[in-house]
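I have placed the structure first, in the form of structure tokens, so that the comments after it can refer back to it.
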Amino acid sequence: MSKIIGEALPNIPFEARPAGSQAVIWRSVQNPIIPQDLLSRSNSIFNSASVPFEGGFAGVFRCDDQARSMDLHIGFSEDGINWKIEEECLSFENEAENPEIFRYEYRYDPRVVKIDGRYYISWCNGYHGPTIGLAYTDDFKHFYQMENALLPYNRNGVLFPRKIQGRYMMISRPSDTGHTPFGDMFISQSEDLVFWGMHRHLMSTIKSNASAWQSTKIGAGPVPIETDEGWLLFYHGVLNSCNGFVYAFGAALLDLEEPWKILYRSQDYLMSPREIYERVGDVPNVIFPCAALSDAETGRIAIYYGAADTVTGLAFTELDLVLNWLKTHAL
């Protein structure tokens, strides 16, 4: 059996695979777990992040309001399913120290990771175009923004949960200011989370019929999960169909010490829009994973994903199921 390298999470939200099912990943029967109108002015709540916190869970949520402004909100949950999200947008305590970095046009698609006891948030930050914003908190009450990690244009900035070869590492996808007609993923390295370099190519889109679900663009999803076989990365891919984009997600296994080296990469998708809440919404036919919880003792994994850019769904799998599937469905 493969093993998750990390902490036990006995209260991970989880539902057993339906009886008689051979699915590698399955949806929660409570989906969508977060409706679009949970807040008094929310138009949609999706593409959000969750981490274990003080016996329960804390999260950073993308909430588009009824003015259609895109911003970040903090939320808490006892069980990882029923969430209380704050009405006010996330704010930073050090704004007066360097007001230049607090100028933004929008904030969306956050990820959260715990590194050495501190929680770091990354998101797409509108600063003269989309770039990667970074901040940290120790208690989910006080937040401190750091310098933007990379130049515009860039999206899907995802930190690894520990240093590798003595450096922080982050996956991102250089893009443009619109609906990116390209989508290669890169890994960048830093000694201090401020200055980033040593950019290594990770993976490109598949421009062939061999794996068309990821032919238009790709991007990192949740924080990579460390296993004894490598880093398990869930990532989204996009097909440009005759009726517009279709967002699905698959998986890859990366080398532990040189994560820009791909050990396995899925040819098939793990999940693609199927349910009505994934097919119908502000942006139809979208499944976009942004967070994953994992339990080192059982190998259970819970994946949070945005559905149709409107609501939040939850899906489940187990490490051995994913890795066995990945090895037999690899490019």
Side-chain angles (χ1 to χ4, degrees), residues 23-28 31-36 43-49 62 64 68 70 108-109 111 124 130 153-156 158 171-185 202-222 233-252 262 264-292 303-317 322 325-326 329-331:
V24 176
I25 191 165
W26 54 97
R27 294 162 173 82
S28 171
N31 276 353
I33 62 164
I34 301 177
Q36 66 184 93
N43 170 82
S44 45
I45 304 174
F46 61 106
N47 295 7
S48 303
R62 173 178 176 172
D64 294 8
R68 301 313 300 266
M70 300 178 288
Y108 63 80
D109 296 358
R111 278 78 164 181
C124 183
Y153 301 108
N154 209 313
R155 290 178 171 88
N156 300 307
V158 179
I171 303 172
S172 70
R173 189 195 73 207
S175 63
D176 62 13
T177 195
H179 276 290
T180 320
F182 52 89
D184 289 4
M185 292 158 57
L202 176 57
M203 66 174 75
S204 299
T205 53
I206 305 298
K207 300 295 186 183
S208 75
N209 198 46
S211 189
W213 71 270
Q214 51 185 324
S215 58
T216 299
K217 54 183 174 179
I218 53 177
L233 173 69
F234 297 109
Y235 68 97
H236 70 263
V238 181
L239 165 72
N240 192 6
S241 77
C242 62
N243 197 37
F245 290 154
V246 179
Y247 280 72
F249 80 85
I262 299 173
Y264 298 96
R265 177 181 176 180
S266 61
Q267 180 175 24
D268 299 350
Y269 58 72
L270 274 168
M271 283 183 66
S272 187
R274 185 187 73 186
E275 302 300 324
I276 188 68
Y277 55 85
E278 298 162 352
R279 290 186 174 276
V280 177
D282 282 351
V283 183
N285 298 316
V286 174
I287 285 181
F288 193 99
C290 264
I303 302 169
Y304 294 84
Y305 66 94
D309 278 17
T310 304
V311 296
T312 300
L314 183 60
F316 308 107
T317 189
V322 173
W325 173 86
L326 183 55
H329 294 77
L331 285 164

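Because only heavy atoms are used, hydrogens play no part in the values below, and waters and symmetry mates are left out as well, while side chains stay in.
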Checklist entry - Between M203 and I262, is any pair of side-chain heavy atoms under 4.5 Å apart? => result yes
Next on the checklist: Please tell me whether N47 and D109 have a donor and an acceptor in their side chains that are separated by less than 3.5 angstrom.
Outcome noted: yes
Checklist entry - Is it true that a side-chain atom of E278 and a backbone atom of A307 form a donor plus acceptor pair closer than 3.5 Å? => result no
Next on the checklist: Check the orientation of H329 and W325. Use parallel for under 30°, tilted for 30 to 60°, and perpendicular for over 60°.
Outcome noted: parallel
Checklist entry - ring-ring contact (aromatic ring centres under 6.0 Å, His included) with Y153: which residues, sequence neighbours excluded? => result none
Next on the checklist: Just by distance, no angles: are the side chains of N31 and Y305 close enough, under 3.5 Å, to form a donor-acceptor pair?
Outcome noted: yes
Next on the checklist: Between F316 and S28, is there a side-chain heavy-atom distance shorter than 4.5 Å?
Outcome noted: yes
Next on the checklist: Do F245 and N240 have side chains that approach each other closer than 4.5 Å (heavy atoms only, starting at C-beta)?
Outcome noted: yes
Checklist entry - What pairs with F288 under ring-ring contact (aromatic ring centres under 6.0 Å, His included), at least two apart in sequence or on another chain? => result H236
Checklist entry - Distance-only, no hydrogens or angles: does the R111 side chain make a donor-acceptor pair with backbone N or O of G221 under 3.5 Å? => result yes
Checklist entry - Is there a side-chain contact between I206 and S215, using heavy atoms and a 4.5 Å cut-off? => result no
Next on the checklist: If I compare all heavy atoms of L202 with all of L233, which pair ends up nearest, and what's the gap?
Outcome noted: CD2-CD2, 4.3 Å
Checklist entry - Only one of F249, Y235, F234 forms a side chain to side chain contact (heavy atoms under 4.5 Å, CB included) with S266, so which one is it? => result Y235
Checklist entry - Are the side chain of R173 and the backbone N or O of I218 linked by a donor-acceptor pair below 3.5 Å? => result yes
Item to check | Expected output: side-chain S48 to main-chain R62 donor-acceptor under 3.5 Å | outcome: yes
Checklist entry - With a 4.5 Å limit on heavy-atom distance, are the side chains of I287 and P273 in contact? => result yes
Checklist entry - Okay, side chain of T317, backbone of I25: is any donor-acceptor separation there less than 3.5 Å? => result no
Next on the checklist: With a 3.5 Å distance limit and no angle check, can you tell me whether S272 reaches the backbone of A248 through a side-chain donor-acceptor pair?
Outcome noted: no
Next on the checklist: Counting only heavy atoms from other residues, nucleotides and ligands, does the tally under 6.0 Å from OH of Y277 exceed 12?
Outcome noted: yes
